[in-house]
Amino acid sequence: MFEFKFADKLQIEVLLPDLFCILHSNMSLIAPTNNTYDADYEIWKSHIIPAMQKEQRQIVLMYVNDTLAGYFQYYINVDISSLMMEEIQIIKEYQGTGVFSAFYKWFVEQIPKDIEFVEAYTNKKNYKSQSVLEHLGLIRLGENKNGNSLYFKGKYIELLNKYS
């Protein structure tokens, strides 16, 4: 029922319209930009393409019955043994189906075992995301420089123990 695959970075531009559609459908009500869909897509694309060129950044595609149901973007900072969870986006119809838990059970088996910390930022208006991060064992420690997002951090072992 659930399948998870690392996105092929060489084919990332082909995936971008589908990934942005998921992101936009989830975030446009929470944090509207007042831009057009196309303008937001171009801005996002201009950031995501160079970001994905970093070796330690990956996107995992989430499938439910062969249908793209969401994605997870992350970065492993080996210098500080930290997993930065950058985006987790699941199509509304697949939220609450178990794809989230199934993903994390799969994911903790894929990443290096020497990770010490897990970090994330979430928009201040995204209360669901804040609850999810707290459920994962992260603690709110501050906010980003522009004050739009909250910063969360926790011990990776807690995430690993929850899902292994």
Side-chain angles (χ1 to χ4, degrees), residues 1-115 117-123 126 128-129 132-133 136 138 144 148-149 151-152 156 159-160 162-164:
M1 179 172 170
F2 302 125
E3 185 178 9
F4 310 104
K5 299 178 186 176
F6 288 97
D8 180 348
K9 288 186 174 190
L10 299 176
Q11 299 296 318
I12 197 72
E13 286 195 53
V14 174
L15 294 168
L16 293 183
D18 291 335
L19 299 183
F20 184 75
C21 182
I22 296 168
L23 173 67
H24 187 269
S25 69
N26 286 339
M27 293 303 295
S28 62
L29 293 175
I30 295 169
T33 64
N34 298 320
N35 296 330
T36 66
Y37 181 93
D38 290 339
D40 278 343
Y41 175 73
E42 290 302 321
I43 293 166
W44 177 77
K45 182 179 170 183
S46 74
H47 294 284
I48 194 77
I49 290 174
M52 290 308 299
Q53 292 174 1
K54 295 186 177 178
E55 182 182 341
Q56 298 295 0
R57 181 167 284 118
Q58 298 290 335
I59 291 178
V60 177
L61 306 173
M62 303 175 186
Y63 292 91
V64 176
N65 298 324
D66 297 323
T67 300
L68 182 62
Y71 70 95
F72 178 73
Q73 179 182 320
Y74 70 95
Y75 181 85
I76 295 180
N77 186 332
V78 293
D79 295 335
I80 59 171
S81 300
S82 184
L83 165 67
M84 175 60 78
M85 299 186 299
E86 296 178 315
E87 285 289 343
I88 185 157
Q89 296 293 334
I90 300 172
I91 295 172
K92 191 171 206 132
E93 294 78 13
Y94 295 103
Q95 294 174 12
T97 64
V99 68
F100 181 86
S101 293
F103 165 72
Y104 271 100
K105 287 177 184 172
W106 174 87
F107 183 65
V108 297
E109 298 298 321
Q110 310 304 311
I111 62 172
K113 301 300 179 212
D114 60 349
I115 299 292
F117 301 102
V118 58
E119 302 172 275
Y121 287 91
T122 186
N123 187 286
N126 194 340
K128 185 173 186 176
S129 181
V132 167
L133 293 174
L136 294 175
L138 281 70
N144 68 343
N148 292 335
S149 297
Y151 171 69
F152 287 78
Y156 177 70
L159 184 70
L160 182 63
K162 184 181 283 284
Y163 289 103
S164 45

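- Annotation for Lys9: atom NZ counts as buried by contact number, over 12 foreign heavy atoms lying within 6.0 Å.
- Residues Glu109 and Ser164 have side chains in contact (heavy-atom distance under 4.5 Å, counting atoms from C-beta outward).
- Looking at Ile76 and Lys54, their side chains never come closer than 4.5 Å, going by heavy atoms from C-beta outward.
- Checked options Ile22, Thr67, Leu68; the residue passing with Tyr94 is Thr67 (criterion: side-chain contact (heavy atoms from CB on, under 4.5 Å)).
- With hydrogens and angles ignored, the 3.5 Å screen pairs no side-chain donor or acceptor of Ser129 with any backbone N or O of Asn126.
- Under the 3.5 Å distance criterion, the side-chain polar atoms of Lys113 are matched with a main-chain donor or acceptor of Val108.
- The cationic atom of Lys5 (NZ for Lys, CZ for Arg) lies less than 6.0 Å from the six-membered ring centre of Tyr63 and within 45° of the ring axis.
- Between Thr36 and Tyr41, the closest side-chain pair of non-hydrogen atoms is not below 4.5 Å.
- Considering every non-hydrogen atom in both Pro50 and Lys45, the closest pair reads CD-O, 4.3 Å.
- Below 30°, between 30° and 60°, or above 60°: for Phe107 and Tyr104 the angle between ring planes is above 60°, a perpendicular geometry.
- Note: Glu119 CD to Leu83 CG = 8.5 Å, rounded to the nearest 0.5 Å.
- Ring orientation note: the planes of Phe103 and Phe72 are tilted relative to one another, at an angle of 30° to 60°.
- Aromatic ring pairs are classed by plane angle as parallel below 30°, tilted from 30° to 60° and perpendicular above 60°; the pair Tyr121 and Tyr151 is tilted.
- Between Phe152 and Thr122, the closest heavy-atom pair is CE1-CG2, 3.6 Å.
- To the nearest 0.5 Å, atoms CH2 (Trp44) and CG (Leu19) are separated by 5.0 Å.
- For the pair Asn35 (side chain) and Asp40 (backbone), a donor-acceptor distance under 3.5 Å is absent.
- Residues Gln73 and Gln89 have side chains not in contact (no heavy-atom distance under 4.5 Å, counting atoms from C-beta outward).
- The backbone N or O of Ile90 lies less than 3.5 Å from a partner atom in the side chain of Asn26, making a donor-acceptor pair.
- Residues Met62 and Phe2 fail the side-chain proximity criterion, which asks for heavy atoms closer than 4.5 Å.
- Taking the six-membered ring where tryptophan is involved, the planes of Trp106 and Phe4 are tilted, since the angle between them lies from 30° to 60°.
- Arg57 places a side-chain N or O within 3.5 Å of a backbone atom of Ala51 that can act as its donor or acceptor partner.
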